[in-house]
Colleague: 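Have a look at the structure that comes next, please.
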Amino acid sequence: MTSASGGAGMVDWNLAVATATRLVRPGPEVSRAEAAAVVAELRRHALEAEEHVRAFTGMRSSSLAAAAATPVLVVDRPGWVRANVAGFRTVVQPLVDKLQARRASSPTAGVFGTVGEKATGIEVGALLAFLSTKVLGQYETFAPAEPSLEAPDSPAALFDKPRLGPEGPGPGRLLLVAPNIVHVERELDVDPSDFRLWVCLHEETHRTQFTAVPWLRDHIQSEVQSFLAETDVDPGALLDRLRDAAGSLGGGGPQGAGGREGAPSAGLMEIVQSPAQREILGRLTAVMSLLEGHADVVMDGVGPAVVPTVAEIREKFQQRRDRGANRLDLVLRRLLGMDAKLRQYQDGAVFVRGVVDQVGMEGFNRVWTSPNTLPTKEEIHDPAAWVARVAR
């Protein structure tokens with residue numbers, strides 16, 4: 001899309017990877033033998049977790065080929081950066097095409113194109129460097145197609161090394177970020193083996209969701225592409241929306257212009273979205289809340305039988321989630337939308353437990369029947385409404 005293909009683009013992805021790799025903080029200090037043991041245990045736990053999740057949820061992969069096509073990769077922080085750059089390149093291509101079309105008709109395209117790509121590449125790299133220290137595991141819905149791995153830097157390399165692409169969209173893959181898992185288990189002072197299995201239960205639930213529900217990935221990808229297609233790249237239109245938002249916020253009273261008392265101010269991303277994008281984002285938020293909440297419920301449901309210290313882990317981990325690491329971390333979480341991510345865990349888990357309490361796990365699994373049986377944004381906060389519409 002950019003320097004890799006020799007054409008104009010939006011982000012210099014190679015520069016983003018280089019920037020993130022330079023800025024990322026080193027992980028916890030471990031010996032090579034300890035690191036090798038962690039990687040090996042995570043691989044074992046990922047396999048073990050797959051059977052636990054299937055038994056608890058009743059969900060099975062649509063085929064052995066579907067499960068085999070979604071590999072489990074154990075990565076370090078730079079490896080997580082590379083994997084996510086590959087995913088970003090895949091998912092934002094429609095937006096890049098729109099920007100390229102607009103740039104082609106601009107007389108200043110040749111002057112500012114390369115500068116803009118490199119500036120954005122540095123910004124993306126700095127963002128990824130920060131996020132790479134926060135993620136324990138991740139199911140990559142938009143991972144590029146295989147081959148997904150590059151040859152290791154040396155025969156003795158410990159971690160998987162994802163390709164940068166671009167090979168086009170693939171079936172997905174599961175990432176486990178070993179240094180971050182070790183960092184958190186030490187910070188919480190919990191049993192390392194129990195914590196690693198607990199994390200794998202959550203992430204393997206995501207892998208099971210997508211391998212057992214064949215239409216789910218295409219549905220989410222379609223929604224994301226629709227969202228990007230609605231993006232207005234006209235600076236004038238964005239400026240008009242910012243002016244309208246400023247007028248609303250300065251309406252002269254506690255309720256502003258059409259707002260409600262006590263309501264939080266709209267974030268920047270919400271301000272620049274079109275009405276169609278807000279509607280799509282509402283559906284995506286409901287789906288992501290379902291997926292995250294379901295994974296939290298499964299990890300805690302399976303936990304007592306296979307993770308002896310699960311109660312201690314959950315209590316300490318939830319306290320860590322709630323407080324954030326420090327003041328700067330709290331600010332960045334809010335700016336990057338990570339607070340919304342935490343609410344997805346909480347809201348989604350309440351929805352899943354509420355439905356399972358009423359109709360059992362088998363009744364809940366009707367949620368995976370089709371896009372029409374997914375909960376709406378309103379139903380996430382009202383499980384009984386979903387049960388009345390779908391399960392009964």
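Values below: every heavy atom of this structure, side chains too, minus hydrogens, waters and symmetry copies. Values in this document were obtained by computation on a predicted structure and should not be read as measured data.
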Colleague: How about L290 and L374: do any of their side-chain heavy atoms sit closer than 4.5 Å?
Modeller: yes
Colleague: Run the numbers on V190 and E312 for side chain to side chain contact (heavy atoms under 4.5 Å, CB included), then give the verdict.
Modeller: CA-CA 8 Å; V190 294; E312 177 191 0; 4.2 Å; yes
Colleague: Is it true that the side chains of D296 and Q346 contain a donor and an acceptor less than 3.5 Å apart?
Modeller: no
Colleague: Are the side chains of L176 and V72 in contact, using a 4.5 Å heavy-atom criterion?
Modeller: yes
Colleague: Would you say the side chain of I220 lies within less than 4.5 Å of the side chain of L284, judging by non-hydrogen atoms?
Modeller: yes
Colleague: Please report the C-alpha distance between D160 and R43 in whole Å, then the side-chain angles of each, then the deciding distance to 0.1 Å, and finally whether the salt bridge (charged side-chain N to carboxylate O under 4.0 Å, His left out) criterion is met.
Modeller: CA-CA 11 Å; D160 294 315; R43 297 191 193 281; 3.3 Å; yes
Colleague: Return yes if some donor-acceptor pair links the side-chain N/O of R366 with the main-chain N/O of V390 below 3.5 Å, else return no.
Modeller: yes
Colleague: Measuring only between side-chain heavy atoms, which start at C-beta, is T373 closer than 4.5 Å to R389?
Modeller: no
Colleague: Can you hop from V350 to V298 via hydrophobic side chains spaced under 4.5 Å?
Modeller: no
Colleague: R77: which residues meet the side-chain hydrogen bond (donor to acceptor under 3.5 Å, both in side chains) condition with it, sequence neighbours left out?
Modeller: N180
Colleague: Less than 4.5 Å apart, any side-chain heavy atom of V177 and any of L136?
Modeller: no
Colleague: Got a donor-acceptor contact below 3.5 angstrom from the Q209 side chain to the L291 backbone?
Modeller: yes
Colleague: Counting distance only, does the side-chain N/O of T205 pair as donor-acceptor with the main-chain N or O of L201 below 3.5 Å?
Modeller: yes
Colleague: Does S289 reach the main-chain N or O of G348 with its side chain, forming a donor-acceptor pair under 3.5 Å?
Modeller: no
Colleague: Applying ring-ring contact (aromatic ring centres under 6.0 Å, His included), can you list everything that pairs with F317, at least two apart in sequence or on another chain?
Modeller: W198
Colleague: Show your working on side chain to side chain contact (heavy atoms under 4.5 Å, CB included) between D12 and T120 and close with a plain yes or no.
Modeller: CA-CA 7 Å; D12 186 331; T120 310; over 6 Å; no
Colleague: Following the transitive rule for hydrophobic clusters with a side-chain heavy-atom cut-off under 4.5 Å over Ile, Leu, Val, Met, Phe, Trp and Tyr, establish whether L174 and F210 coincide in one cluster.
Modeller: yes
Colleague: Between T208 and E50, is there a side-chain donor-acceptor contact under 3.5 Å, judged purely by atom types and distance?
Modeller: no
Colleague: Using modelled atom types and a 3.5 Å cut-off, is there a donor and acceptor pairing between side-chain atoms of W386 and backbone atoms of H381?
Modeller: no
Colleague: Evaluate the side-chain proximity of V38 to E185: yes if any heavy-atom separation is below 4.5 Å, no if none is.
Modeller: no
Colleague: Do any pairs count as a ring pair (Phe, Tyr, Trp, His ring centres under 6.0 Å) and have a residue in residues 285-306, sequence neighbours left out, and if so which ones?
Modeller: H294-F364, H294-W368
Colleague: How would you list, by chain and number, every residue that makes a side-chain hydrogen bond (donor to acceptor under 3.5 Å, both in side chains) with T309, sequence neighbours excluded?
Modeller: D194
Colleague: Is there a donor-acceptor pair under 3.5 Å between the side chain of E34 and the backbone N or O of S31?
Modeller: yes
Colleague: Side chains of V24 and V81, heavy atoms from C-beta outward: is any pair under 4.5 Å?
Modeller: no
Colleague: Looking at side-chain heavy atoms only, is the closest gap between H45 and S193 below 4.5 Å?
Modeller: yes
Colleague: I'd like to know whether R44 forms a salt bridge (charged side-chain N to carboxylate O under 4.0 Å, His left out) with E48, so could you lay out the CA-CA distance, the side-chain angles of the two residues, the decisive distance to 0.1 Å, and finally the verdict.
Modeller: CA-CA 6 Å; R44 290 195 306 270; E48 180 185 349; over 6 Å; no
Colleague: For T376, does its backbone N or O pair with a side-chain atom of E379 as donor and acceptor, under 3.5 Å?
Modeller: yes
Colleague: Would the distance check show the side chain of K377 and the main-chain N or O of A286 forming a donor-acceptor pair, the cut-off being under 3.5 Å?
Modeller: no
Colleague: Sequence neighbours left out, what passes side-chain hydrogen bond (donor to acceptor under 3.5 Å, both in side chains) with R314? Give chain and number order.
Modeller: D300, Q318
Colleague: Which is it for T141 and Q221 under the side chain to side chain contact (heavy atoms under 4.5 Å, CB included) test, yes or no, and what are the steps along the way?
Modeller: CA-CA 8 Å; T141 313; Q221 184 175 29; over 6 Å; no
Colleague: Under 3.5 Å, is there a donor-acceptor pair linking the side chains of E203 and H206?
Modeller: no
Colleague: Residues two or more places apart in sequence or in another chain: which of them pass salt bridge (charged side-chain N to carboxylate O under 4.0 Å, His left out) with R25?
Modeller: none
Colleague: Compute whether any side-chain donor of one residue and acceptor of the other, for E204 and H52, lie under 3.5 angstrom apart.
Modeller: no
